[in-house]
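Not measured: the values here are computed from a predicted model. In listed order, ligands and their atoms are each counted from 1.
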Amino acid sequence: MVSDLEPIISAATIDYHYGKHEQAYIDNLNKLIDGSKYADMSLEAIIRESDGALFNNASQAWNHIFYFFQFSNAGLKEPCGKLAERIDEDFGSFDEFKKKFEEAGATLFGSGWVWLSSDEQGKLYITQGKNADNPMKDGLRPLLVFDVWEHAYYLDYQNRRAEYLKRLWEIVDWDLICIRYGN
Ligand code: MN
């Protein structure tokens, strides 16, 4: 099996990370909501209104879909339009933004996610989220996320998290990130 995202993310990583880790979060989520008041809620509503094991599994289910679907080997390679302007305004330049985002990912201790999000005024934020955290909990709109749990990179990069973070830029589909921002 070959992945369209090779060599940045291998088919083996997709098989384990998407096929097994993500599947486990979805299966656990479905067991936890079965017969409860959450059964008919949207996944986003469950994330906003739950905590503990239900939040962890709901948020991890959502975060992984958001993560995997933002990648393409044929997408736009840098931000466009309003998002590009706002990245320059809030971080100085696209290169500075990438550097700050990689630093946030590299310095997050343990498992979690590094996020780019926006508020209602369109201002941009880079945040570190531990474990299953999601910026929706803080009223922000998620735009881009890098998974920094070891399961995301260990098969391909072993302990070299910084290299994994740097290489992910090669497959981020900025067309999609711009749509998420509202360009
Ligand atoms: Mn993951």
Side-chain angles (χ1 to χ4, degrees), residues 1-33 38 42-73 75 97-98 100-118 125-138 140-174 176-177 180:
M1 191 172 79
V2 177
S3 151
D4 281 347
L5 304 178
E6 304 242 18
I8 316 302
I9 300 177
S10 69
T13 289
I14 291 184
D15 186 32
Y16 276 93
H17 192 193
Y18 187 68
K20 295 187 171 67
H21 286 277
E22 169 69 336
Q23 188 65 54
Y25 295 126
I26 291 171
D27 290 347
N28 287 336
L29 169 65
N30 282 327
K31 273 184 224 149
L32 288 166
I33 63 173
Y38 298 99
S42 71
L43 188 49
E44 289 83 359
I46 296 173
I47 290 168
R48 281 193 296 267
E49 294 177 27
S50 65
D51 53 24
L54 179 55
F55 168 76
N56 286 337
N57 285 284
S59 193
Q60 286 293 84
W62 192 98
N63 293 356
H64 283 91
I65 298 291
F66 200 73
Y67 170 79
F68 279 106
F69 283 72
Q70 73 194 348
F71 296 128
S72 165
N73 61 10
F97 157 72
K98 286 193 287 187
K100 286 177 180 136
F101 197 87
E102 286 172 41
E103 276 170 13
T107 58
L108 190 158
F109 188 78
S111 296
W113 304 81
V114 55
W115 295 93
L116 175 69
S117 307
S118 60
Y125 301 86
I126 294 171
T127 56
Q128 295 174 321
K130 294 203 66 77
N131 301 318
D133 275 358
N134 186 300
M136 282 191 279
K137 279 284 206 197
D138 303 313
L140 293 173
R141 176 200 293 206
L143 302 174
L144 169 77
V145 70
F146 286 180
D147 187 340
V148 292
W149 284 60
E150 283 189 344
H151 67 220
Y153 58 88
Y154 222 80
L155 289 180
D156 298 331
Y157 300 89
Q158 293 76 50
N159 61 332
R160 304 188 306 279
R161 187 195 283 188
E163 183 186 336
Y164 154 77
L165 292 167
K166 188 175 281 299
R167 294 217 65 190
L168 281 183
W169 298 120
E170 296 174 44
I171 50 170
V172 170
D173 179 359
W174 284 97
L176 178 64
I177 313 305
R180 287 173 175 174

*Can you label the angle between the F97 ring and the W174 ring as parallel, tilted or perpendicular, going by 30° and 60°?*
perpendicular
*Would you say the side chains of N56 and N131 form a donor-acceptor pair under 3.5 Å?*
no
*Using side-chain hydrogen bond (donor to acceptor under 3.5 Å, both in side chains) as the criterion, list what pairs up with Q158, not counting sequence neighbours.*
R160
_Would you call the rings of W169 and F146 parallel, tilted or perpendicular, taking 30° and 60° as the class edges?_
tilted
*What is the number of protein N/O/S atoms located under 2.8 Å from the Mn ion (ligand 1)?*
4
*Please answer whether the main-chain N or O of L144 pairs with a side-chain N or O of R180 as donor and acceptor at a distance below 3.5 Å.*
no
*Rounded distance [0.5 Å steps], CE in M136 versus CH2 in W62*: 4.0 Å
